Amino acid sequence: MAEEKSAAYAPAEIEPKWQAYWLHNHVFRVRDFDPERPKLYVLDMFPYPSGAGLHVGHPEGYTATDIYCRFKRMRGCNVLHPMGWDAFGLPAEQHAIETGTHPRATTERNIANFRRQIQSFGFSYDWDREINTTDPEYYRWTQWIFIQLFKKGLAYLDEVPVNWCPALGTVLANEEVINGLSERGGHPVVRKPMKQWMLRITDYAERLLADLDGLDWPEGIKEMQRNWIGKSTGAEVDFQVVDCEENIRVYTTRPDTLFGATYMVLSPEHPLLERIASPEQRAAVRNYAQQAAKISDFDRMELNRRKTGVFTGAYAVNPVNRESVPIWTSDYVMMTYGTGAIMAVPGHDERDFEFAQTFGLPVSCIIEPDPGEAARAGVDTAAVLAGEACWSGGGSLINSASEQGLDINGLSVDDAKRRTTCWLEQQGLGQAAVNYKLRDWLFSRQRYWGEPFPVVYFEDGEIDVLDESELPVTLPELADFKPSGTAESPLAKAGDWLSYRDPRTGRVGRRETHTMPQWAGSCWYYLRYLDPRNHDRPWDPEKEKYWMPVDLYVGGAEHAVLHLLYARFWHKVLYDLGLVSTSEPFQKLVNQGMILGVSYRDRQQRLVPNDLVERRDTEFVHRETGEILEEFPAKMSKSLKNVVNPDEIIAKHGADAFRLYEMFMGPLEAVKPWRTKDIEGLTRFLNKVWRMLIGRDGAVSEAVGEAPMNRDQERLLHATIKKVTEDCETLDFNTAISQMMIFVNEFSAAEPRNRSAMEAFIKLLSPFAPHIAEELWQRLGHSQSLAWEAWPEYDEEKIKQEQVEILVQVQGRPKSRMMMPGDADAGQMQELALRNPEVQAAIDGRPVRKVIAVPGRLVNIVAG
RNA sequence: GCGAGAGUGGCGGAACUGGCAGACGCGCUGGAUUUAGGAUCCAGUGGGGUGACCCGUGGGGGUUCGAAUCCCCCCUCUCGUACCA
């Protein structure tokens, strides 16, 4: 490559040059089964290519993994580092509805833009493995996995109350509904029964929970998944309805409180409600159930909402003491958890207590609160005993014995639980039970832009999946993408596409018109990267054995539960089918922290968009009112006009400075505020690096030569190699960069500058700022890319100092600093310290009682 | 309410298994260079006295020769979650 050598650091020239070089020479193409090098699979959460383009949050994680990959390559690893597109999804379809543009066209355009932007950062992806979830060659295998799920009985159709969003014309998963509004668009969501594909993720609840323990994930994320799965242990208990054949089964985590059960509550959707309601109460019960169905989830879940409910007129028998208790219905009991019915223990459950207070139901106390615990909680024990207050803590059981042979008086809560459960089992009245909050995964969407199901509804009523040879089922072309407004998907308008004739049996049927949710494609993409162009199978088993599991997975915490739980579920199913060799897909997970924008608010805490803010001297004022504003970090948003565009930053400062800045801001996992001004510090640093090596004529500076380093320079070089190496290993990039700054500050002031030290430094810098590093490497006379150069080694001996400054304290106060041999032991240090006149003055003749000497650090003398 | 995480200069943040708090960078101050601005370079920069002393890691207690770091209590913020029986 012959070209003009500019004398000044010019990122706009060198960055495109090296990006083109890496891409055209396939520098980062990775080979499978390298026998010489250990494998390393480093994965970024692939983006949804939105029309807005990349935001500054994307490159944060991508830069971190890129540094790690480049570092590991130089350390001799065979690194798999791919990128692709999670490209099905609502926005492209919404755009199609609004403009008539085919979602495919929108998606392709957005992908091209994302690819351009991502490549402008110089990331070392193996672009030969790029994948796209909307490519039929990709989604045929998503459909193939669905067939495996179906055949294993893990996919089923069910009529379930779903979150129906009239504005979007589709149903949404529970996770896509926030406070009764759609996550996208914020439209109201109502409940409506509908036939839906469900995936039996609940079959895997226990394993999804248990296997979290072996994962190197942030504790917080694991905890969120545990909470989401929501395992609890307790008992199921049958209550016989008085004058009726029916039993009502309840689930409780507190079987110890059975003696305190003074009424029961059924969910308004409970199937037995109609049957047990007394004639007098039936109308009221029916009315209440209808009202409850109409109330949106948002209102139903609203905090501190007054409890409502209706008496059914029926009674049930408490199995432990044969007393009859009234049966109520109330929407504070959910049909979707447990059995949809509870025994109410107002004396020892806050919700039941509140309900009992509202409706004047009896409260009976059967646990005497633990005195210490009650005192700490500020609870009046006498009030609890009188049934005037609720106590849900520990204590000992009272009033809990019956003629039926159960006596748990005096027992602790835990012992009483065990004894009662045991008794129930012996009597055939109940048994120990485990419950999970996790529900089956609603897997259908009434949308166009998603994977079609490989499913046919045959005329004879059978519902079956297609043969694998018939894949992919491609999306039909449509003129109109609008949802029908009913539960029907846009695919219901697909004409010929709908009719299906079985090539083997000749049976005819109609294709499934629902499509899969966006999560489907991202549930297995990490496996397709292993073998992205395989036409015969989703991946080669040998390649899977070689590369899996993912060694490092980096992405935003917003996927803490959904994506990561769904992908783990699919992976376990594939594992059970013998299709993958590991039981978990992602061994180590790191969440990059969100990057916040700069925002402003006035004295009344009102937010002021950035285009209304003006800087006057050191203060920020409202452009219109002149009011002084306070600056603070806030999530980037269109409304606050504080979104930073990566293209503009690269154009002005270059990709290397951008990369360095994002890594220098702070720890990867931390939430950090973006301040464009601060990038200048990193630009300055790169300029310094440039001038350290390049003279005014553009050639290598005359100061760079073969003259040996002095002792201090050598120490600094080796200390820098050590620090950068260790920090890259642990992803502590901010401190690695500051060490490199220290190096440059020292060496750029020195002359001559040892050439091999300069070359070692360029290698250290190269994972962080690869463009400038390649350029400098080339100008130093190397013809090959430094991407595959060996990482510099350090020598611990060269870091050691002969003389170190030791702090001498008297009574813990610093009194003197003195040079001592670096290898002096505690005894020598003590001797040297006590000889020091400053120290003697501080001791002031008092007897020395104790001396603490820490080699290499300090001496502390206790006197008097 | 519950669960998780975090509180260090004007700001972003450093500080190994307890061992000189504030590395590195931004900003700011002074100086050099410059017609000016920008860029660059040099010096300074936690607070208070301004001597060699004192105070300082959200607040209060404790352990220790020694605490940002360990223990107890409290406060604040961020994220997640929400009647899960």
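Every chain is numbered from 1 and lettered A, B, ... according to where its sequence line falls, protein lines coming before strand lines. If you're wondering where the values come from, they're calculated on a predicted model, not measured in any experiment.
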* Decide whether A/Glu631 and A/Tyr600 meet the rule of one side-chain donor and one side-chain acceptor closer than 3.5 Å. => yes
* To do: Could you check whether A/Lys677 gets within reach of a base, just the sugar-phosphate, or nothing at all, counting any heavy atom under 4.0 Å?
  => sugar-phosphate
* Pair partner, B/rU33 [Watson-Crick or wobble, under 3.5 Å] -> none
* Asked: So what does A/Pro218 hit on the nucleic acid, given a heavy-atom distance under 4.0 Å: a base, only sugar-phosphate, or nothing?
  -> nothing
* Under-4.0 Å side-chain N/O to phosphate OP1/OP2 contact, A/Lys850 with B/rC65 -> yes
* Using Watson-Crick or G-U wobble geometry with both distances below 3.5 Å, tell me the partner of B/rG1, or none. => B/rU81
* To do: Grab the NZ-C1' distance between A/Lys635 and B/rC77 for me, whole Å please.
  => 16 Å
* Of the nucleotides B/rG80, B/rA85, B/rC24, which one has an atom closest to the side chain of A/Ser738? -> B/rC24
* Counting any heavy atom closer than 4.0 Å, what does A/Gln739 reach on the DNA or RNA strands: base, sugar-phosphate only, or nothing? -> nothing
* **Spacing between A/Asn734 atom CG and B/rG25 atom C1', to the nearest angstrom** => 11 Å
* Asked: Which one is paired to B/rA6, where only Watson-Crick or G-U wobble pairs with both distances under 3.5 angstrom count?
  -> B/rU76
* Asked: Does B/rG27 sit syn or anti, given that only angles within 90° of 0 count as syn?
  -> anti
* Asked: When the distance from CG of A/Asn435 to P of B/rA85 is rounded to whole Å, what number comes out?
  -> 8 Å
* To do: Could you measure between the two P atoms, the one in B/rA68 and the one in B/rG7, and give it in whole Å?
  => 14 Å
* Asked: Which is true for A/Ile342 with a 4.0 Å heavy-atom rule: it touches a base, it touches only sugar-phosphate, or it touches nothing?
  -> base
* Selection from B/rG13, B/rA23, B/rG3 that lies nearest to any side-chain heavy atom of A/Asn227 -> B/rG3
* Using a cut-off of 4.0 Å on non-hydrogen atoms, how would the nucleic acid contact of A/Thr336 be classed: base, sugar-phosphate, or nothing? -> nothing
* In terms of side-chain heavy atoms of A/Glu805, which of B/rG19, B/rC20, B/rA85 is nearest? -> B/rC20
* **Side chains of A/Asp213 and A/Arg226 in contact at under 4.5 Å (non-hydrogen atoms)** => yes
* Can you tell me, in whole Å, how much space there is between the C1' of B/rG37 and that of B/rU78? => 42 Å
* Please measure how far the C1' atom in B/rC11 lies from the corresponding atom in B/rC79, and state the result in whole Å. => 23 Å
* When you look at A/Met741 and A/Leu682, which way does the side-chain contact (heavy atoms from CB on, under 4.5 Å) test go after all the steps? -> CA-CA 9 Å; A/Met741 287 172 166; A/Leu682 286 303; 3.6 Å; yes
* Does A/Phe359 have its ring centroid less than 6.0 Å away from the ring centroid of A/Tyr263? -> no
* No-H, no-angle donor-acceptor pair, A/Asn860 side chain to B/rC65 base, under 3.5 Å -> yes
* Taking atom P in both B/rG47 and B/rG22, compute the distance separating them and give it to the nearest angstrom. => 13 Å
* Look through every strand shown and name the nucleotide pairing with B/rG18 as Watson-Crick or G-U wobble, where both distances are under 3.5 Å. => none
* Asked: Between B/rC26 and B/rC42, how far is it from one P atom to the other, in whole Å?
  -> 13 Å
* Asked: Looking only at atom P, what distance separates B/rG80 and B/rA43, rounded to whole Å?
  -> 47 Å
* Structure fact -> Per atom distances to the A/Arg684 side chain, the nearest of B/rC53, B/rG27, B/rA14 is B/rG27
* Asked: Cut-off 3.5 Å, side chains only: do A/Tyr337 and A/Ser267 have a donor facing an acceptor?
  -> no
* Nearest-nucleotide pick for A/Leu807, side chain only, options being B/rG12, B/rC83, B/rC20 -> B/rC20
* Asked: Of the candidate nucleotides B/rC83, B/rA85, B/rC54, which contains the atom at the shortest distance from the side chain of A/Arg813?
  -> B/rC54
* Within the structure shown, what part of the strands sits under 4.0 Å from A/Asn687 by heavy-atom distance: base, sugar-phosphate, or nothing? -> nothing
* **Of the listed nucleotides B/rC53, B/rA39, B/rG3, the one nearest the side chain of A/Glu680** => B/rA39
* Asked: So, the side chain of A/Asp656 versus the backbone of A/Ile772: is there a donor-acceptor pair under 3.5 Å, distance only?
  -> yes
* Asked: Does any nucleotide pair with B/rA39 by Watson-Crick or G-U wobble geometry, both distances under 3.5 Å, and what is it?
  -> none
* Short side-chain donor-acceptor distance under 3.5 Å, A/Lys688 and A/Asn745 -> yes
* Structure fact -> To the nearest angstrom, the CD1-P distance between A/Ile852 and B/rG66 comes to 8 Å
* Structure fact -> If pairing means Watson-Crick or G-U wobble with both distances under 3.5 Å, then the partner of B/rC11 is B/rG25
* Hey, which sits more toward the 5' end of RNA chain B by its nearest nucleotide, A/Gly230 or A/Ile221? => A/Ile221
* Asked: When all nucleic acid strands are considered with a 4.0 Å heavy-atom cut-off, which category describes A/Arg675: base, sugar-phosphate, or nothing?
  -> sugar-phosphate
* To do: Examine B/rC20: is either OP1 or OP2 under 4.0 Å from a nitrogen or oxygen in the side chain of A/Arg817? Give yes or no.
  => no
* To do: For B/rG13 and B/rG62, measure between their C1' atoms and round to the nearest Å.
  => 30 Å
* Separation of atom CE in A/Met594 from atom P in B/rC79, rounded to whole Å -> 7 Å
* Starting from P on B/rC2, measure out to CD on A/Glu223 and report it in whole angstrom. => 15 Å
* Structure fact -> Paired to B/rA52 by Watson-Crick or G-U wobble criteria (both distances under 3.5 Å) is none
* 5' priority, RNA chain B, between A/Gly220 and A/Val854 [closest heavy atom] -> A/Gly220
* Asked: Where does the angle between the aromatic ring planes of A/Trp674 and A/Tyr661 fall among parallel (under 30°), tilted (30 to 60°) and perpendicular (over 60°)?
  -> perpendicular
* Which nucleotide in the set B/rC83, B/rA85, B/rA23 lies at the smallest distance from any side-chain heavy atom of A/Tyr337? -> B/rA85
* Within the pair A/Asn745 and B/rG25, is there a side-chain N or O less than 4.0 Å away from OP1 or OP2? -> yes
* How is A/Lys231 classified with respect to the nucleic acid when contacts are heavy atoms under 4.0 Å: base, sugar-phosphate, or nothing? -> nothing
* Whole-Å distance separating the CG atom of A/Leu438 from the P atom of B/rU81 -> 15 Å
* Any donor-acceptor pair under 3.5 Å linking the side chain of A/Gln811 with the backbone of A/Ala863? -> yes
* Asked: Considering only side-chain heavy atoms of A/Arg857, which listed nucleotide, B/rC16, B/rC83, B/rU40, is closest?
  -> B/rC16
* With respect to the side chain of A/Thr735, which nucleotide from B/rA14, B/rC26, B/rG13 is positioned closest? -> B/rA14
* Grab the CZ-P distance between A/Arg691 and B/rA39 for me, whole Å please. => 13 Å
* Pick the P atom in B/rA85 and in B/rG5, then give their distance to the nearest Å. => 22 Å
* To do: Searching all strands shown, indicate the nucleotide that pairs with B/rU63 (Watson-Crick or G-U wobble; both distances under 3.5 Å).
  => none
* Under 6.0 Å between the ring centres of A/Phe743 and A/Phe761? -> yes
* Just call it for A/Val862: base, sugar-phosphate, or nothing, with non-hydrogen atoms closer than 4.0 Å on any strand. => sugar-phosphate
* Taking only the side-chain nitrogens and oxygens of A/Lys307, find out if one of them lies under 4.0 Å from OP1 or OP2 of B/rC83. => no
